[in-house]
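This report refers to the structure that appears directly beneath it.
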Amino acid sequence: MEKSSSVDASALKTLFQDCRQCGSCCKNYRKIVLQPDEVDFIRKMGGHVGVDASLSELRQRSLQELIETAKAEGKVYMIHPDDKGCIFLEKRNDKYYCRIYHHRPRTCRGFRCNMADSTFLDIFGRDATALLGIDAYGLPLK
């Protein structure tokens, strides 16, 4: 199967509403998939760019080989290495703004959220076991 280098804009739309500028998504998502044409721009702007690599993979292949493979497979990410969120997120007058809004990655453009706080992430993002009807220990919810 041939890999497409562009993203279908309609596939990026979700059931959520427009941004309320709460900053939750930009503070909580630790890595954002980048398209090949976005990588250099994010680096030039001061963003952190990287790939996923496990220690076992690093034992078998060089870091450069892993980077090249990740690039070929489209698995390059903008990474937020700490709990402060995206390096491009800026707070002004109690609202959050993206400093590269008009040039932000396609993944960011496709995200829509209607939550004014972290409720959605608390329910579904951090402990998805609740969706299965079990707690963090695998026991039935009471």
Open item on the list: Does Thr107 form a side chain to side chain contact (heavy atoms under 4.5 Å, CB included) with Leu34? I'd like the steps, not just the answer.
Closed with: CA-CA 7 Å; Thr107 300; Leu34 294 175; over 6 Å; no

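Rounded to the nearest 0.5 Å, atoms CD (Glu65) and CG (Leu58) are 10.5 Å apart. The distance from the OG atom of Ser56 to the CZ atom of Arg59 is 6.5 Å, given to the nearest 0.5 Å. Here the straight-line distance linking atom CD of Glu57 with atom OG1 of Thr69 works out to 9.0 Å at 0.5 Å rounding.
Hydrophobic cluster membership of Tyr77, counting Ile, Leu, Val, Met, Phe, Trp and Tyr whose side-chain heavy atoms lie under 4.5 Å apart directly or via other members: Val33, Ile79.
Taking 4.5 Å as the limit, some side-chain heavy atom of His80 sits within range of a side-chain heavy atom of Ile32.
Partners of Lys75 according to the salt bridge (Lys or Arg N to Asp or Glu O under 4.0 Å) rule, which considers only residues two or more places apart in sequence or in another chain, are Glu73. Arg30 is linked by a side chain to side chain contact (heavy atoms under 4.5 Å, CB included) to nothing, counting only residues two or more places apart in sequence or in another chain. The ring pair (Phe, Tyr, Trp, His ring centres under 6.0 Å) search around His48 returns none, not counting sequence neighbours.
In terms of heavy atoms, Val51 sits closest to Ala70 at CG1-CB, 3.3 Å.
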Could you pull out every donor-acceptor pair under 3.5 Å between side chains of residues 38-46 and any protein atom, sequence neighbours left out?
{"from": "Glu38", "atom 1": "OE1", "to": "Gln35", "atom 2": "N", "distance (Å)": "2.8"}
{"from": "Glu38", "atom 1": "OE2", "to": "Arg106", "atom 2": "N", "distance (Å)": "2.8"}
{"from": "Glu38", "atom 1": "OE2", "to": "Arg106", "atom 2": "NH1", "distance (Å)": "3.1"}

Please report, to 0.1 Å, the donor-acceptor pairs under 3.5 Å made by any side chain of residues 87-94, with sequence neighbours excluded.
{"from": "Glu90", "atom 1": "OE1", "to": "Arg92", "atom 2": "NE", "distance (Å)": "2.8"}

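With respect to Arg104, the side chain to side chain contact (heavy atoms under 4.5 Å, CB included) criterion is satisfied by exactly one of Arg99, Arg109, Met78: Arg109.
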